[in-house]
Q: 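Could you have a look at this structure, given as structure tokens, before my questions?
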Amino acid sequence: MPELPEVEVICRGLEPNLLARTILAISFGTQAMRLPLPVEESALWITGQKITGVHRRAKFILIELASSATLMIHLGMTGRLNFFPAGSALAKHDHVRWLLDNHMELRFNDTRRFGSVQVIGPGQDKAGPFAGLGPDPFWSEFSAGYLAKLADGRKTPVKSFLMDNRVVTGIGNIYASEILFSSGVNPTKPVKKLTPREWQEIVVNSRLILNAAIACGGTTIADYVNSRGEKGLFQTKLQVYGRAGEACPNCGGQINQIRLGGRASFYCPACQPAPLTPVKMSKKRD
DNA sequence: CTAAGCGCCTGCATGC
DNA sequence: TGCATGCAGGCGCTTA
């Protein structure tokens, strides 16, 4: 479900409700998640601990405890984190509940179970789980030069490249299409063919669009809600995502939809012209 | 090494 | 009404 803006909005909503609270007890559901639920680790390092910080890294939500352990939550496609009065009725797909010292419970609900809940113990390498991840789009390392260097010699379509966590974290299927539209770059363009200017556009527009989406409370297509259960508003500002057949906001032409890496991808053929394909001399032309 | 495809899950919309 | 199909904000694994 959520990309960087949605996770960031959730994080910001969680922080004032979690900071300095103590986790009194933790309950786990019975359904298996993508990764095993951290029952033992929670008992050892999370229960009875005071919360000292709430942060985001990539699409992970990191809740730091006084024990120096970190609770690491990924929302996958349909994960939610919301507060409920302790003892109130459970919902279908509630998988983990953290009881706080104010008679409230933080609950992790995830219909499709693509999300995960993990614990990094006090003695474990804090950077370990993130080894191999690229920079956040807001970090200074995320630059035109960095992207061009990584792209060298590769023919990966630029949209798939931007969605690759090892390149840059947090950009998913919606914002990749939006960033490329704003940058005037065709999503199928092989990364080795992008110009320095195009990379620069992508860097600048990534930050502009992700920041705008955060300011709008994220994008709700189907079921995303923030920690207070509220929907985002950025879906009203999407230029191309989900708008196949509609008029391009820039030129009035028709927005096109294709599949790239198995994901729906939207672009304007006029504003984001397809890369020229080299003519194969061995094949007949018409 | 890269690139592409599948599978993990549930729920919803669509078409017959 | 039922049933089959395809699709969905992610991501890791397998296959060429």
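So that the names make sense, note that chain A is the first sequence line, chain B the second, and so on, each numbered from 1. Note that this is a predicted model, so its numbers are computed, not measured.
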Q: Taking atom C1' of B/dT10 as reference, at what distance in whole Å does atom NE2 of A/H95 sit?
A: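 Between C1' of B/dT10 and NE2 of A/H95: 10 Å.
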Q: Base, sugar-phosphate alone, or nothing: which one does A/K192 contact when heavy atoms must sit under 4.0 Å apart?
A: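 Answer is nothing: A/K192 stays at 4.0 Å or more from every strand.
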Q: Think A/K59 has a side-chain N or O under 4.0 angstrom from the OP1 or OP2 of C/dC11?
A: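 For A/K59, the contact criterion (side-chain N or O under 4.0 Å from OP1 or OP2 of C/dC11) is met.
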Q: Using the benzene-type ring in the case of Trp, are the ring centres of A/W199 and A/F161 under 6.0 Å apart?
A: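 They qualify: ring centres under 6.0 Å apart.
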Q: Taking the side chain of A/T156 as heavy atoms from C-beta outward, which of B/dA3, C/dA8, C/dG10 is closest to it?
A: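 Closest nucleotide to the A/T156 side chain: B/dA3.
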Q: Do the ring planes of A/Y241 and A/F266 sit parallel (below 30°), tilted (30 to 60°) or perpendicular (above 60°)?
A: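 Correct class here is perpendicular.
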Q: Could you check how far NZ of A/K155 sits from C1' of C/dA16, rounded to whole Å?
A: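 In whole Å, C/dA16 C1' and A/K155 NZ are 12 Å from each other.
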Q: Any side-chain N or O of A/R263 under 4.0 Å from OP1/OP2 of C/dG10?
A: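 Yes, such a contact exists.
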Q: Measure CD1/A/I174 against C1'/C/dC11 and give the value in whole Å, please.
A: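 In whole Å, C/dC11 C1' lies 16 Å from A/I174 CD1.
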Q: Taking atom P of C/dG12 as reference, at what distance in whole Å does atom CD of A/Q118 sit?
A: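 After rounding, the reported distance stands at 10 Å.
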Q: Quick one: are A/P157 and A/P187 in side-chain contact, heavy atoms under 4.5 Å?
A: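 With C-beta onward as the side chain, the pair stays apart.
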Q: Report yes or no: is the ring centroid of A/F114 under 5.5 Å from the six-membered base ring centroid of B/dC8, with the two planes under 30 degrees?
A: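 Here A/F114 meets both the 5.5 Å and the 30° conditions.
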Q: Calculate the interatomic distance between A/R259 atom CZ and B/dC6 atom P; express it in whole Å.
A: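 Atom CZ in A/R259 sits about 11 Å away from atom P in B/dC6.
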Q: Without decimals, in angstroms, what is the distance between A/R166 CZ and C/dC13 P?
A: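 Taking atom P of C/dC13 as the reference, CZ of A/R166 is at 11 Å.
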Q: Using whole Å, report how far CD of A/Q257 lies from P of C/dG6.
A: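 Answer to the nearest Å: 15 Å.
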Q: Under 4.0 Å between any heavy atoms, over every strand shown, what does A/N165 touch: base, sugar-phosphate, or nothing? Just pick one.
A: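 If one applies the 4.0 Å heavy-atom cut-off, A/N165 turns out to touch the sugar-phosphate alone, with no base involved.
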Q: Could you work out the separation of B/dC6 and C/dT5 based on their P atoms and round it to a whole Å?
A: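 Going atom to atom, P in each nucleotide, I get 16 Å.
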Q: Is the backbone N or O of A/N165 less than 3.5 Å from a side-chain atom of A/T169, with the two atoms forming a donor-acceptor pair by type?
A: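 Looks like no, no N/O pair under 3.5 Å.
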Q: Would you indicate what A/G262 reaches in the nucleic acid, counting non-hydrogen atoms under 4.0 angstrom: base, sugar-phosphate, or nothing?
A: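 A/G262: no heavy atom of the nucleic acid under 4.0 Å.
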Q: Any strand counts, and the cut-off is 3.5 Å on both contacts for Watson-Crick or G-U wobble. Which nucleotide pairs with B/dG15?
A: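 Partner of B/dG15: C/dC3.
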Q: P atom, C/dT14 versus B/dC9: distance in rounded Å?
A: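 C/dT14 and B/dC9 have their P atoms separated by 16 Å.
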Q: Hey, does A/Y175 reach any base, or is it just sugar-phosphate, or nothing, if we go heavy atoms under 4.0 Å?
A: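 Touches nothing.
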Q: For A/T111, which contact category applies under a 4.0 Å heavy-atom criterion: base, sugar-phosphate, or nothing?
A: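 Sugar-phosphate contact only.
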Q: Examine B/dC9: is either OP1 or OP2 under 4.0 Å from a nitrogen or oxygen in the side chain of A/H93? Give yes or no.
A: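 No, A/H93 has no side-chain N/O under 4.0 Å of OP1/OP2 on B/dC9.
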Q: For A/R154 and B/dC1, what is the distance between atoms CZ and P respectively, to the nearest whole Å?
A: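 Rounded to whole Å, this separation is 11 Å.
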Q: Please tell me which of the listed nucleotides, C/dG12, B/dA3, B/dT10, lies nearest to the side chain of A/R34?
A: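 For the A/R34 side chain, the nearest candidate turns out to be C/dG12.
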Q: Would you state whether a donor and an acceptor, one from the side chain of A/R112 and one from the base of B/dC9, lie under 3.5 Å apart?
A: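 Counting by modelled atom types and ignoring angles, a donor-acceptor contact under 3.5 Å is found here.
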Q: Does A/Q235 use its side chain to pair, donor to acceptor, with the backbone of A/T220 at less than 3.5 Å?
A: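 Checking the backbone N and O of A/T220 against the side chain of A/Q235, a donor-acceptor pair under 3.5 Å is found.
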Q: Between A/G261 and A/L150, name the one whose nearest nucleotide on DNA chain B is closer to the 5' end.
A: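 Final value for this comparison: A/L150.
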Q: Tell me whether the rings of A/F130 and A/F60 are parallel (<30°), tilted (30 to 60°) or perpendicular (>60°).
A: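 It falls in the perpendicular class, over 60°.
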